[in-house]
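Let me begin by presenting the structure, written as C-alpha cells, before commenting on it.
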Amino acid sequence: MRTTSTPTHCPYCALQCGMTLSPLPGGGVEVTERTDFPVNRGALCGKGRTAPAVLSSRVRLTSPLVRSGGTLVPATWDEALDRIAERLRATRAEHGPDACGVFGGGGLTNEKAYTLGKFARVVLGTSQIDYNGRFCMSSAAAAGTKAFGLDRGLPFPLEDIPKTGCVILVGSNLAETMPPSLRFFNELRENGGTLIVVDPRRTKTAEQADLHLAPRPGTDLALALGLLHVIVAEGLVDEDYVQERTAGWEDARAAAMAHWPEYVERITGVSVPQLREAVRMFCEPESAMVLTARGPEQQSKGTDTVGAWINLCLATGRAGRPLSGYGCLTGQGNGQGGREHGQKADQLPGYRKLTDPAARRHVAEVWGVDPDSLPGPGRSAYELLDALGTDIKSLLLMGSNPVVSAPRAAHVEERLRSLDFLAVCDVVLSETAALADVVLPVTQWAEETGTTTNLEGRVLLRRQAITPPEGIRSDLEVMHELAARLGVEKGFPTDPEEVFEELRRASAGGPADYSGITYRRLAEENGVFWPCPGAVREATAPETLPADGADVHPGTPRLFLDRFATEDGRARFAPVTHRPAAEEPDDDYPVLLTTGRVVAQYQSGAQTRRVDELNAAAPAPFVELHPRLAARLGAAEGDPVAVVSRRGRAVAPARITTGIRPDTVFMPFHWPGEGRANSLTNPALDPTSRMPEFKVCAVRVEAVRATP
C-alpha cells in the first residue's frame, strides 16, 4: 500500500487534466486538485473527481472469465490465456492470419497502443487491426495532413486561446464534453476577444458565445464555403500570405465563389446577416483560430468539411502564425497518441505510413523482423467490425465497447455474436465483454504507469498510485503472455518504461518523433510536446540528461511558425464543394438525428454508468426535440418517444426545448438497450478518413402510446 500522494492525470477525455491521488486510511484513493498543470490549473469535472469509484471491486472485474455452457464463469489466468492462444492459433492455421482481428481503443496508453500494433503485425501477422479512435477525429487528421503535411490535434497550447482575437468553434459542446477547458474561452472574452459557436443546438457552450450559428446538420461544409465566399467578396484575403505560404488557392477560391451567401442560407438555415457578421468578427482582429470537433468531422464528407474550415485560416493568413491557426479538439483520453504508434490500420509507430518502404525498414529493424513480413494496411474500424464472422473469425479487443459506441450498433452486435471466438480485455464487464468467450480483467489508470498524449500534442506521464487487486494484470502482461504462447518469446516487455524506450527508437525520424522524450523529462517538465527529436540510447543503457540541458530538444509547443510540414513548406488549400449527407430526410424519415454527449457520462458509459454520483446526474437517455415537433406528435415533457431510422429503433423520454432546430432531434449515445442512439446511426463512410456519419441521419419520431 502506497502512503504518499501521487501526481498523475485523469483517465477520461483528451484534456488529461492534472490531479493528485492520495491514499485513504481504509483503502482506495481520493482525488485532490493539482494546480501546477497548465491545462486545467486544478479544475476538474465530475467525471475526474469521481474517477476512483471505478477502482472499487464492487464495479470492476477481479478474475478472468471463460464461457462454459453459454455462461461466463471464473477461471485461472493460465486457463484463460491458454484458451485465447489456442483459438488464435487455430484460426490462423485454418483461415490464415487475416482471419484474426485486433480492435483497440483511444484510451490505451502509448505503450499499450504501440505494443498492440506490434502484437498484431509480428505475432499474429494480421493486417486486420484498427481502433475506436477512427470514430473520434480521423477526418480532422486526414484534412490536417492534406493541408499541413502533419496531423496534431492542436498545433498550439490551450494557453494561446485567451490571447487570440476570435475563435470559431465548430461542432463542439466543450462545456459538457471537457468542462475545464471552458475557462480558456471565458478568458478569451474577458480579454476582448470573441467566440463564435457553430452547432445545430443551443448548447451550454453556445450560450457562452458572442454569435451562435445553428446550421442544419450535415451542412457545415456549405457554411464554411459561404464564409470563404464573403471573405473573398469583401476583399479580406491576405494575398501576400497566400502567395508566400500556400498552394492551390485558385481552385479553392473558385469552389467557394459557387457558394454565394443566399445559396448557403437556403442550404444551412444560417442567415446572410449572420454569415457577414461571422466574417467581420473573424477578420477584424490580428489573430484568430478555427477549432473543430466531432460535429463537422463525423460525417461522410468530414475530411472535405474540415478542409473547408482550414481554408478560412489559410485565406486570411491565420495558420502558422502566433496566436492563430486551425486545431481539432481531440475527444478520447489518448486519441492523439493512440493513432500515432501503430494501432491504426494504415500506420506504423511515429505516425509512419505502413505503405512507405523506408518506414517499414526502420520499424522492422527496431522490431528485429524482416520488413517483408509486415502485413499491409487492413480495414478501417467499421469495415473491420462489419467483417466479423465472415472474413474475420476471431477477435482480440482491448479498451473499446462497440456494442454501444459503433454506428448501426445492432448490426455490429450481431457481427460480434457471429464470431468463432472473441476475447476482451477490460476493466469492467462492458456490453461487448459480456458477449466474449474469454474476458481478462486488466489494470487501469491509477494502478499502472504509462504515457498519454493530450489534445495539444503534449506527451504526459501517468504514474501508478495504488497497487492493483490481486489477480489483475496489465495489458502489457497479457500481450507478453500471449506472444510467448504463440511462439514469440522476446520483444514484448511488461515494463512500460522499457516499452517506451523502444517506442522512442521506433518513432525516431517519423512525423510524430518522440525520440527526445524520456520518462524523466516527462516527470520533471510536466509533459513534452512532440515532435521532439533527440539522440536515442539502447533500452538497456541508463537514460541520462546533460545537467545544463544542452543538446536536449525542448519539444515543439507551436507548429508551422517557420514552414508547414509539406515537401515545399507550403500549406495546401482544399478545393471542395458542398454535397448532401449520405442520407437526407424524405417522406418516410422526415427529421434529422444528431448525437453527442452529456457532461456526467463518457463515451459508451461502460465506466461512468457504474458511478453513483454520475448516474444520479444523468441516469438515462433522452430525445431532445423542439416544441413544434413535440406538438405535432402530441408528446409532453418526459413522455416516451420512439426514434426510427432505416437501421433500427430507439425509445427514450422526450426532453422539449427551443434550443434545437425544429427539423432536428438529438440523442446522447452513452446507453445500451432500447435507448441506444447508435442503433439508429448511419455507417456511411468518408472516402478518405473512413469515418462513419454519426452526426446526421434521417429518422421519424413517433409518440409511444401506453398499452391498455
Side-chain angles (χ1 to χ4, degrees), residues 64 66-67 75-104 108 111-131 341-343 345 348-349 354 360-378 384 388 391-399 419-425 436-440 442 473-496 498-503 505-506 538-540:
V66 299
R67 191 164 296 279
T76 68
W77 272 95
D78 282 340
E79 289 171 338
L81 291 166
D82 286 346
R83 185 176 295 194
I84 295 173
E86 288 168 7
R87 297 302 297 271
L88 292 176
R89 187 184 298 110
T91 297
R92 283 196 306 167
E94 184 174 355
H95 303 286
D98 276 356
C100 295
V102 177
F103 200 84
L108 300 180
E111 292 81 0
K112 295 177 185 179
Y114 171 84
T115 304
L116 189 62
K118 182 180 179 181
F119 180 88
R121 296 179 174 104
V122 173
V123 178
L124 297 179
T126 182
S127 66
Q128 300 304 304
I129 175 172
D130 211 78
Y131 82 127
H341 298 301
Q343 66 170 334
L348 289 169
L354 192 52
R360 294 170 67 89
R361 284 194 301 272
H362 174 86
V363 174
E365 183 177 359
V366 173
W367 289 352
V369 300
D370 184 341
D372 292 338
S373 71
L374 298 177
L384 189 158
L388 299 180
D391 294 338
I392 298 172
K393 305 295 185 179
S394 294
L395 181 69
L396 174 64
L397 186 146
M398 286 187 173
L419 281 165
D420 291 349
F421 181 74
L422 172 63
V424 173
C425 299
D437 297 286
V438 178
V439 182
L440 299 181
V442 290
R473 299 187 185 181
S474 73
D475 294 286
L476 295 180
E477 291 175 300
V478 168
M479 288 182 277
H480 171 86
E481 292 288 342
L482 289 176
R485 283 167 167 79
L486 292 167
V488 181
E489 297 286 346
K490 296 182 180 180
F492 290 86
T494 60
D495 177 64
E498 187 177 346
V499 176
F500 190 79
E501 287 299 310
E502 183 178 302
L503 182 156
R505 299 199 304 277
E538 291 298 318
T540 55

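None of these values were measured; they are calculated from a predicted model.
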Just verifying a value: how many Å separate [X] [atom1] and [Y] [atom2], rounded to the nearest 0.5 Å?
X    : Y    : atom1 : atom2 : value
L81  : H480 : CG    : NE2   : 10.5 Å
D391 : H95  : CG    : NE2   : 11.0 Å
E501 : D495 : CD    : CG    : 9.5 Å
L419 : R87  : CG    : CZ    : 10.0 Å
E94  : R92  : CD    : CZ    : 13.5 Å
D82  : L482 : CG    : CG    : 9.5 Å

Are the side chains of [Y] and [X] in contact, using a 4.5 Å heavy-atom criterion?
X    : Y    : result
W367 : S373 : no
P64  : L440 : yes
F119 : L486 : yes
Y131 : L116 : no
P349 : L503 : no

Using atom types as modelled and distance alone, determine if a side-chain donor or acceptor of [X] lies under 3.5 Å from a backbone N or O of [Y].
X    : Y    : result
R485 : I84  : no
R67  : A436 : yes
D437 : L422 : yes
R360 : P371 : yes
R473 : W77  : no

Heavy-atom pair with the smallest gap, counting every atom of [X] and [Y]:
X    : Y    : answer
V438 : A80  : CG1-CB, 3.8 Å
V478 : C425 : CG1-SG, 4.0 Å
A364 : L374 : CB-CD1, 4.2 Å
S127 : G376 : CB-O, 3.2 Å
V123 : A483 : CG2-CB, 3.8 Å
E111 : F500 : OE2-CD1, 3.5 Å

Exercise for review: Would you mind telling me which of V424, L397, I392 makes a side-chain contact (heavy atoms from CB on, under 4.5 Å) with F103?
Suggested key: L397
Exercise for review: Show your working on side-chain contact (heavy atoms from CB on, under 4.5 Å) between R121 and L348 and close with a plain yes or no.
Suggested key: CA-CA 10 Å; R121 296 179 174 104; L348 289 169; 4.2 Å; yes
Point to revise | Working for side-chain contact (heavy atoms from CB on, under 4.5 Å), residues L384 and L395 | key: CA-CA 10 Å; L384 189 158; L395 181 69; 4.1 Å; yes
**Study point:** Salt-bridge present (R361, E365; N to O < 4.0 Å)
**Key:** no
Review point. K118 and side chain to side chain donor-acceptor pair (under 3.5 Å): which partner among E502, Q343, H341?
Key: E502
Point to revise | Qualifying residues under side-chain contact (heavy atoms from CB on, under 4.5 Å), relative to S394, sequence neighbours excluded | key: L88, T91, F421
